[in-house]
Each structure stands twice: as structure tokens, then as C-alpha cells.
Amino acid sequence: MGGRDTDMVLLDENGIRCDGRKVDEPRRIMIKAGVLKNANGSAYIEFGDNKILAGVYGPRDVHPKHMSNADTGILRCRYHMVPFSVAERKNPAPSRREIEISKVIREALEPAVMLEKFPRTAVDVYMEILQADGGTRCAALDAAAVALADAGIPMRDMVSACAAGKVADTIILDVNNEEDQAGQADMPIAYMPNLNQITLLQLDGVMSLEEYNKCIEVGIQGCKTVYALQKKALAEKYFPEEQT
Ligand code: UDP
């Protein structure tokens with residue numbers, strides 16, 4: 001972020017972006033539910049060139065016990081980049097950034113998960129970023145929400161995430177890595193589509209109030225696109241005979 005690479009053409013005169021997309025076009029998204037045998041629930045997502053696995057365990061006993069809550073279950077989330085996920089080998093130890101992203105993902109999922117049904121237990125969500133290309137927190141969240149549903153954890157709604165942003169003074173949907181690095185703003189959004197509630201909104205960059213409102217509107221449209229694919233992934237696993 002922050003207009004570092006000024007030579008790159010982020011938006012050409014025909015309104016086409018550096019990867020050939022239109023301003024309101026998301027990258028190719030593929031989601032598969034139930035890909036791991038040993039987790040209670042799991043999902044794999046490809047979001048453009050992002051490749052992410054999510055696995056869920058629980059509800060299960062909390063260790064250490066003093067971390068448990070007698071009134072409710074707790075959600076624990078770990079977002080982790082594998083060493084080969086980025087161009088320069090990533091140290092596998094948790095970075096400040098990964099700790100922050102784990103926290104915001106937990107806070108984005110908590111409103112949807114009916115943790116009050118499972119006092120004293122924990123639901124653990126692990127997200128492994130196998131390949132990163134901008135927008136990993138949203139894509140990881142999308143996989144995590146499907147993995148939670150696949151684990152049979154009761155949820156008030158799905159959580160669907162997609163970023164919007166600003167390049168060349170234009171609001172765009174689904175910011176890729178180049179746009180994140182050289183663009184003007186990046187706004188990851190997570191959204192509960194049936195409850196019509198935003199559960200994550202971050203903004204890196206500067207925009208006017210008008211652009212801000214437009215960015216939210218565009219981002220929510222992206223979340224709705226993701227939601228359809230999350231439902232499709234679960235339907236393909238649980239109702240395969242109904243899929244054409
Ligand atoms: N990135 C990287 N090395 C790192 C962390 C991030 O190359 O150690 C890249 C990666 O492609 C990531 C992008 O920078 O997707 C943007 O990172 P950001 O912190 O904005 O989070 P994201 O957009 O992935 O949610």
C-alpha cells in the first residue's frame with residue numbers, strides 16, 4: 001500500500017486492471033469443503049493465486065483448563081503462513097502480522113458461531129496459507145467459515161469475506177498483491193449475508209467519505225459472490241446427488 005510502485009499501470013484507459021480484470025470483477029474463486037480426514041471440519045480455497053487450507057477441531061476440552069469459560073465456549077483461531085507461501089522464505093514462527101490477523105479473523109467469526117451452546121469447550125480453527133497473493137485474511141476467513149460449517153458447529157449465519165480498495169482513484173473489488181502494494185487503499189470486509197452485518201472492516205490507505213461508502217458497497221457485493229460459492233462447496237459435499 002501507499003503508491004510505492006508508480007511505474008505500474010494499475011488501471012488502463014479501458015478500465016482494465018493489471019491482471020486483466022474489470023474494476024468490479026473478483027478473481028477466480030474455488031472452494032472445496034471436507035478435504036481433510038482427521039479434522040472435524042475442513043475446507044480448501046483458491047482465491048486467485050491464494051491457496052489456503054482450513055481445519056477445525058471441536059468443540060473439545062480446553063487445555064489449559066483455566067482458559068475455559070463456564071458460560072460459553074471459546075473460539076481460537078490461528079492464521080499461519082507456511083515458509084514457501086511468499087517469494088522470500090517466511091520464518092515459520094508467528095509474526096506480529098499473523099498474530100493480528102488471527103485475532104481479527106476470530107473476531108470476525110465469533111458473532112456467527114453459537115459458542116454459548118458449548119460452555120467450557122473450545123473450537124479451534126487453523127488456517128494454513130500455502131500460497132499468498134494479496135487478500136489472504138479474507139480468503140482464510142472464507143475457508144474457515146466453511147470448515148466450521150463442515151464440522152457441524154451451529155452458526156447463526158455464514159461469514160463471507162472479500163476486500164475492496166482504491167487504485168488510480170477508482171474503487172475496485174478484490175485487491176490483488178500488486179494492487180495492495182502499489183494502490184491507494186485496501187479494505188478487507190467480512191459480512192454475514194443473511195443477517196446483513198459486517199463483522200470485519202479494516203482500512204489501509206486514505207479515501208473520501210464517498211469513496212469509503214462505495215468501497216463498502218462494492219466489498220459487500222464481493223462477499224455475496226463468495227457466499228454463493230461457500231454454499232455451493234457445502235452442497236457439493238453434503239448433497240452431491242442434487243448437484244448437476
Ligand atoms: N506478504 C508477503 N510476505 C509477508 C506477508 C505478506 O509477501 O510476510 C504478501 C502476501 O502476498 C499477502 C500480501 O503481502 O497476501 C498482503 O498482505 P496484507 O498484510 O495486506 O494481508 P492480506 O492482504 O494477505 O490479507
Side-chain angles (χ1 to χ4, degrees), residues 21-35 40-56 75 77 79 101 104-115 123 125 127 129 133-165 171-176 186-203 213-240 242-244:
R21 282 184 290 153
K22 300 194 207 94
V23 289
D24 59 352
E25 188 180 339
R27 288 173 282 186
R28 185 191 69 91
I29 305 166
M30 188 280 289
I31 310 174
K32 195 164 165 50
V35 292
N40 297 130
S42 60
Y44 173 68
I45 188 166
E46 290 183 2
F47 204 123
D49 282 339
N50 293 301
K51 297 184 178 186
I52 300 168
L53 257 180
V56 167
L75 188 66
C77 292
Y79 163 105
I101 294 179
V104 299
I105 289 178
R106 173 173 57 75
E107 290 173 348
L109 290 169
E110 268 170 350
V113 183
M114 295 180 166
L115 291 163
V123 174
V125 182
M127 292 148 282
I129 313 304
D133 191 42
T136 57
R137 77 194 63 203
C138 289
L141 240 166
D142 294 329
V146 172
L148 281 163
D150 182 48
I153 312 273
M155 292 165 77
R156 292 179 183 84
D157 200 349
M158 185 48 78
V159 183
S160 310
C162 190
I171 300 303
I172 54 157
L173 177 63
D174 182 21
V175 180
N176 70 24
D186 176 29
M187 182 193 276
I189 296 175
Y191 176 70
M192 294 194 289
N194 297 288
L195 296 171
N196 191 27
Q197 283 176 17
I198 289 175
T199 64
L200 165 76
L201 196 147
Q202 294 183 287
L203 173 58
N213 287 328
K214 168 96 174 145
C215 213
I216 293 179
E217 194 186 305
V218 166
I220 286 178
Q221 283 311 316
C223 294
K224 288 180 177 170
T225 301
V226 169
Y227 176 50
L229 296 168
Q230 289 173 308
K231 278 200 296 190
K232 180 166 167 275
L234 289 162
E236 278 168 357
K237 176 172 176 196
Y238 289 98
F239 311 105
E242 289 174 26
Q243 309 306 306
T244 48

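A quick note: this is a predicted structure, and the numbers were derived from the prediction, not measured.
- The closest donor-acceptor contact from the side chain of Asp150 to the backbone of Ala33 lies at 3.5 Å or more, if one exists at all.
- Arg137 places no side-chain N or O within 3.5 Å of a backbone atom of Ile105 that could act as its donor or acceptor partner.
- Here the straight-line distance linking atom CG of Asp24 with atom CG of Asp174 works out to 11.5 Å at 0.5 Å rounding.
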**Item:** Candidate pair Asp157 and Gln197, rule side-chain contact (heavy atoms from CB on, under 4.5 Å), full reasoning
**Value:** CA-CA 10 Å; Asp157 200 349; Gln197 283 176 17; over 6 Å; no

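- The two residues Ala144 and Val56 come nearest to each other via the heavy atoms O-CG2, 4.4 Å.
- Closest non-hydrogen pair, Cys162 versus Gly219, comes out as CB-O, 4.2 Å.
- What you find for Arg27 and Val175 is that their closest heavy atoms are NH2-O, 3.3 Å.
- In this structure, CD1 in Ile220 is found 14.5 Å from OH in Tyr227, a value given to the nearest 0.5 Å.
- Looking only at side-chain heavy atoms (C-beta outward), Tyr191 and Leu200 stay at 4.5 Å or farther from each other.
- Heavy atoms only, all atoms of each residue included: Arg156 and Pro111 are closest at NH1-O, 3.2 Å.
- In this structure, Leu109 and Thr199 have side chains that are not in contact, with every pair of non-hydrogen atoms separated by 4.5 Å or more.
- In terms of heavy-atom proximity, Pro26 sits nearest to Thr225 at CG-CG2, 4.4 Å.
- Considering only heavy atoms from C-beta on, Ser42 stays 4.5 Å or farther from Leu53 through its side chain.
- Arg28 and Met30 get closest at one heavy-atom pair: NH1-CB, 3.7 Å.
- Within the model, atoms CZ of Arg106 and CD1 of Ile101 stand 14.0 Å from one another, a figure rounded to the nearest 0.5 Å.
- Gln221 has its side chain out of reach of Leu173: every pair of non-hydrogen atoms, C-beta onward, lies at least 4.5 Å apart.
- In this structure, Met187 CE and Ile171 CD1 are separated by 7.5 Å, a value rounded to the nearest 0.5 Å.
- In the displayed structure, Lys32 atom NZ is contacted under 6.0 Å by at most 12 heavy atoms of other residues, nucleotides or ligands.
- Side-chain atoms of Ile216 and Ile198, non-hydrogen and from C-beta on, do get closer than 4.5 Å to each other.
- The closest side-chain heavy-atom distance from Val226 to Phe47 is below 4.5 Å.
- Looking at heavy atoms from C-beta onward, Asn50 lies out of side-chain contact with Ile45 at the 4.5 angstrom threshold.
- Using a 4.5 Å heavy-atom threshold, the side chains of Asp142 and Gln230 count as touching.
- From Lys224, atom NZ reaches atom OG of Ser160 across 10.5 Å, with rounding to the nearest 0.5 Å.
- Separating the OG1 atom in Thr136 from the CG atom in Asp49 is a distance of 13.0 Å, to the nearest 0.5 Å.
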